[in-house]
Amino acid sequence: MSDSPSAAPVVLDLWCELECPDCHQALSDVHALRARYGDRLEIRLRHFPLEKHKHAYAAAQAAEEAVDQGKGWPYIEAVLARTADLARAGEPLLLEVAGELGLDAEEFDTALIDGRHLLIVDADQAEGKAIGVTGTPTYVIGDERLDGGKSQEGLRARIEEIADRLLAARG
């Protein structure tokens with residue numbers, strides 16, 4: 001395996017929050033991008049909980065606990081599939097999803113109480129604000145920011161165009 005820069009994947013940061021219906025819709029783009037690029041594109045979830053969604057901050061912390069327990073993306077996708085349920089049920093749903101995925105739900109509960117993942121969530125949110133993220137989903141690939149909160153229309157094609165260009169530049 002080579003450590004040359006061309007071996008590193010292109011990074012796509014997805015600024016997201018787990019109570020956001022638009023982020024739920026963005027999942028189909030995430031799946032399509034994964035299918036097309038495989039490990040040549042690294043999709044990183046970045047937390048950007050919005051004040052209008054009262055369970056988004058806890059959901060971001062729970063997602064980080066899922067990462068620690070080895071099932072970050074499966075957990076994120078399972079919660080995003082139930083954004084309306086999260087809005088109604090709150091933290092009990094976060095623990096329920098953890099249990100459904102075979103994760104340690106008791107540890108999730110403890111993590112939400114002790115705040116061990118607050119710094120990661122706060123740092124993501126601060127970085128997002130610093131680069132102009134105002135809503136979710138927002139994508140950053142290369143030096144370009146693409147806002148998907150108003151419309152997902154054409155976003156995947158634009159991401160693919162940028163990813164193809166960045167990958168081609170690496171040789």
Do [X] and [Y] sit in the same hydrophobic cluster, where Ile, Leu, Val, Met, Phe, Trp and Tyr count as joined when their side-chain heavy atoms come under 4.5 Å apart?
| X | Y | answer |
| --- | --- | --- |
| Ile76 | Leu118 | no |
| Val67 | Leu27 | no |
| Trp73 | Leu101 | yes |
| Val121 | Leu45 | no |
| Ile141 | Val133 | no |

Discussion item. Around atom CD of Glu106, are there more than 12 heavy atoms from other residues, nucleotides or ligands closer than 6.0 Å?
Written reply: no
Is any side-chain heavy atom of [X] less than 4.5 Å from a side-chain heavy atom of [Y]?
| X | Y | answer |
| --- | --- | --- |
| Thr136 | Asp22 | no |
| Leu146 | Ile162 | yes |
| Phe48 | Lys129 | yes |
| Ile159 | Asp29 | no |
| Val10 | Arg170 | yes |
| Tyr37 | Leu12 | no |
| Tyr57 | Asp122 | yes |
| Thr134 | Asp147 | no |

Which value, rounded to the nearest 0.5 Å, describes the distance between [X] atom [atom1] and [Y] atom [atom2]?
| X | Y | atom1 | atom2 | answer |
| --- | --- | --- | --- | --- |
| Glu65 | His117 | CD | NE2 | 4.0 Å |
| Glu17 | Thr83 | CD | OG1 | 9.5 Å |
| Leu86 | Lys54 | CG | NZ | 10.5 Å |
| Gln25 | Leu155 | CD | CG | 11.5 Å |
| Leu50 | Gln125 | CG | CD | 8.0 Å |
| Glu127 | His47 | CD | NE2 | 12.0 Å |

Worksheet item: Looking at Ala63 and Leu18, what are the two nearest heavy atoms and their distance?
Response: CB-CD1, 3.8 Å
Response to the item:
Cys23 and Pro137 have their tightest heavy-atom pair at SG-N, 3.8 Å
Item to complete: Name the orientation class of the two ring planes belonging to Phe108 and Tyr75 (parallel below 30°, tilted from 30 to 60°, perpendicular beyond 60°).
Response: tilted
Discussion item. Strictly distance-based, threshold 3.5 Å: is any side-chain N or O of Arg145 a donor or acceptor partner for the main-chain N or O of Ile131?
Written reply: yes
Worksheet item: Does Arg156 offer a backbone N or O that forms a donor-acceptor pair with the side chain of Tyr139 under 3.5 Å?
Response: no
Item to complete: Begin with the C-alpha distance, continue with both residues' side-chain angles, and end with the deciding distance and a verdict on salt bridge (Lys or Arg N to Asp or Glu O under 4.0 Å) for Asp164 and Arg36.
Response: CA-CA 11 Å; Asp164 289 343; Arg36 177 172 176 167; 2.7 Å; yes
Worksheet entry | Residue pairs involving residues 69-82 (criterion salt bridge (Lys or Arg N to Asp or Glu O under 4.0 Å); sequence neighbours excluded) | Arg34-Glu77, Arg82-Asp85, Arg82-Glu96, Arg82-Glu100
Worksheet item: Looking at Leu112, Leu119, Ile120, Asp114, which hits side-chain contact (heavy atoms from CB on, under 4.5 Å) with Arg116?
Response: Asp114
Discussion item. Tell me which one of Cys16, Cys20, Pro21 satisfies side-chain contact (heavy atoms from CB on, under 4.5 Å) with Leu80.
Written reply: Cys16
